[in-house]
There are 2 protein chains.
Amino acid sequence: MNMRRATIKDVAEAAGVGVATVSRVLSGGSASPETRERVLTVAAQLDYRPSALGRNLRQQRAGGIGLLLPDVTDSFYGRLADGVLSCARAAGEPVILGTTGDDAEREADQIGILLEQGVERVVAVPSGDAEVWAPARRTGLTAVFAHRSAPGHGDVPAVLADDRGGVRTAVDYLTGLGHRRIAYLGGPGQEQRVAAFRQALGALVDEELVVFARGSRDSAYAAAAGLFQRRPDLTAVLAGGNLLGEAAVLAARELDLRVPKDLSLIMFDDVPWAELCAPPLTVVAQPAEDIGYRAAELVLRAGGRRPRGVLLPTELIVRGSCGPRRAS
Amino acid sequence: MNMRRATIKDVAEAAGVGVATVSRVLSGGSASPETRERVLTVAAQLDYRPSALGRNLRQQRAGGIGLLLPDVTDSFYGRLADGVLSCARAAGEPVILGTTGDDAEREADQIGILLEQGVERVVAVPSGDAEVWAPARRTGLTAVFAHRSAPGHGDVPAVLADDRGGVRTAVDYLTGLGHRRIAYLGGPGQEQRVAAFRQALGALVDEELVVFARGSRDSAYAAAAGLFQRRPDLTAVLAGGNLLGEAAVLAARELDLRVPKDLSLIMFDDVPWAELCAPPLTVVAQPAEDIGYRAAELVLRAGGRRPRGVLLPTELIVRGSCGPRRAS
DNA sequence: GTGAAAGCGCTAACAC
DNA sequence: GTGTTAGCGCTTTCAC
């Protein structure tokens, strides 16, 4: 089998026109109705598909959009990716996916691969600082950040959930229930949220109760278990992501802390299993898919004037994992 | 800013050699030690990165590997994707991701996009039959199927979990607990498993208890709820995936069926939340990441002789969602 | 061991 | 409205 694909030249010959005409017709340029008709027919007959290879080289840039994510295994990023994919699909653009593991170096590698491929538009959940992104900027790559921004990237538009609002609502809810010793269990790149947490809590903040994990499940579990053991006096936790929430539930169970009796828990990111958990988890829902879709939209219409950023609303969904402060 | 990237010609000139020499040096061909040294130095100085665009056109094929998945939102496919990505990363190859939604037509579109890009190697969880894949075959594209095979694809290698064994173990476990009316809640492309289910159950099969959902959560829920309402006499369910398991738990809860007292449940695919569920779910674990990794490996060494397929083991992990048949 | 040159498929500038 | 042609960056003969 293994038939050679028809090229523009084949079509041109078969239709008795020049290659330029074929190119024009296929990209909607001007041509007489009859020529257009003929070219289209022949192209269909030959099952001609313009080669992106030729076009890309000629135009000095690959189409398509790059997508850089910390971890496809995390369902939040899965949903975000889904948003990007549906937007890209609507535009007929391929998506090149790379994962960074929240590691700046790995991110730099992935950026390198994209650059090498001639990709000029990327949606990223950034891990590295401005230095990592410098080669990309220099090449004129258009980036849009999603879910979080990064230090030193003043002019890269970002599509974010309203972390500030989400944190505030969650903290208010918790303090309203009487909680005073509230912990924040964070992951990579959550400076924004922690700042909001500190601000919302005001004088109540206890820096020992603000802990960070790296991106992995293990690290999240270690952080949660360590926190709970070190400070058995805390009565509520805000987990900054579904991996962290999962870890908190696991660690609490392991240490025989009953939720919500001994410990109230709010998790960032509403995942399907939050409802299946015992007790069902109260969460701050983030529109993961929308974030991805909007970011892809932004990067695709790179030509027009782009807003500095987009802020999408979060929502506190109260289920059963928070209760009044224990008498202790 | 927006600096033009250095080309091979720039390097050649700066090093005082011909472009061919630069190309040879960079791809490990023969050159005198001193020439090699000089070229390498200059290339580094100029921060030269060979353009994949030029290479691809010249070689009439894009590097990289295509990845076609039903749904990135499903954590099983997320893990599978992760496996593919780590293998691809090790090889320095980009991955082009597309989702099919378990729809043959959408799959055909995605294949079209890949072909247009000149991608010649793809890992896919196939949805369509041989007809959908015909254009791909004709172009000489190398495919490896993952997680499931498809009808009429005799010679496409596939990396599969041992569904047959997994189903048998699960069914044996259930019948050993005394269950007789066991349902199978299936998803798209699970013909293999259902066949194994029928075989394992032998005379006990009740065709009314074998139901299928499409890929979505809604559809899964509808199928589960419908099944439970129509046949309140069933005492055990085998759910063919984590979405289906999730739906089964939800539907059972909605209909006040207690797990495992009224209903025993086994879910295909071990997901982190299976442990957090109340009760913790007994599952048939599948090595999702390995499946992806192995498939990617196979497609990358397309040159050598490739085995017809790989079968990876599954494992029954007993937790708390199965009990003896209710007295009823 | 090295360089010159052809050419991959396409688009855009230019001539008619 | 249409054809001719140059050339994008690279690899790969083919001479030397």
Side-chain angles (χ1 to χ4, degrees), chain A residues 2-40 42-43 46-64 113-120 139-140, chain B residues 2-40 42-43 46-64 113-120 139-140:
Chain A
N2 215 329
M3 204 170 59
R4 197 180 119 280
R5 267 174 64 186
T7 75
I8 199 174
K9 213 172 146 197
D10 299 327
V11 178
E13 276 172 14
V17 299
V19 289
T21 304
V22 177
S23 176
R24 269 190 296 258
V25 168
L26 263 42
S27 47
S30 67
S32 78
E34 51 226 26
T35 311
R36 147 167 274 105
E37 174 76 16
R38 193 145 36 91
V39 169
L40 256 22
V42 171
L46 265 47
D47 191 29
Y48 170 67
R49 306 188 61 104
S51 155
L53 268 36
R55 183 184 14 225
N56 289 347
L57 177 55
R58 172 62 222 235
Q59 310 194 140
Q60 294 288 70
R61 59 189 210 79
I113 292 188
L114 293 179
L115 254 28
E116 200 162 312
Q117 300 298 320
V119 170
E120 291 220 313
T139 332
Chain B
N2 214 329
M3 203 171 59
R4 196 179 120 280
R5 266 175 64 187
T7 75
I8 197 174
K9 213 172 146 197
D10 299 326
V11 178
E13 276 172 15
V17 299
V19 289
T21 304
V22 177
S23 176
R24 268 191 298 259
V25 167
L26 263 44
S27 46
S30 66
S32 78
E34 53 227 24
T35 310
R36 147 168 274 105
E37 174 76 16
R38 191 146 36 92
V39 169
L40 256 23
V42 171
L46 265 48
D47 191 31
Y48 169 67
R49 304 189 62 103
S51 154
L53 267 38
R55 184 182 21 234
N56 290 347
L57 177 56
R58 171 63 220 232
Q59 309 193 143
Q60 295 287 70
R61 59 190 209 78
I113 291 188
L114 292 180
L115 254 27
E116 200 160 313
Q117 300 298 319
V119 170
E120 290 218 313
T139 332

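Chain letters run A, B, ... following the sequence lines, proteins first and then strands; every chain starts at 1.
Between D:dT11 and B:Arg55, a contact under 4.0 Å exists linking OP1 or OP2 to a side-chain N or O. Contact annotation: B:Gln60 reaches the phosphate of C:dG9 (side-chain N/O to OP1 or OP2, under 4.0 Å). Proximity of A:Ser23 to the phosphate of C:dC10: no side-chain N or O atom is located under 4.0 Å from OP1 or OP2.
Remark: side-chain polar atoms of B:Thr21 are not paired, donor with acceptor, to backbone N or O of B:Val17 under 3.5 angstrom.
Judged by closest nucleotide on DNA chain C, B:Val19 is the one of B:Val19 and B:Gln59 placed further toward the 5' end. Heavy-atom distances to DNA chain D give each of B:Thr21 and B:Gly54 a nearest nucleotide, and the one nearer the 5′ end belongs to B:Gly54.
Between the CG atom of A:Leu53 and the C1' atom of D:dT11 there is a distance of 14 Å, rounded to whole Å. Rounded to whole Å, the distance from CZ on B:Arg24 to P on C:dG3 is 8 Å. Note: CZ (A:Arg61) to C1' (C:dT11) measures 12 Å, nearest angstrom.
A:Ala20 comes within 4.0 angstrom of a base, heavy atoms only.
In the set C:dC10, D:dG3, C:dG1, the nucleotide with an atom closest to the side chain of B:Ser32 is C:dG1. Comparing atom distances between the A:Thr35 side chain and each of C:dG9, D:dC10, D:dT2 picks out D:dT2 as nearest.
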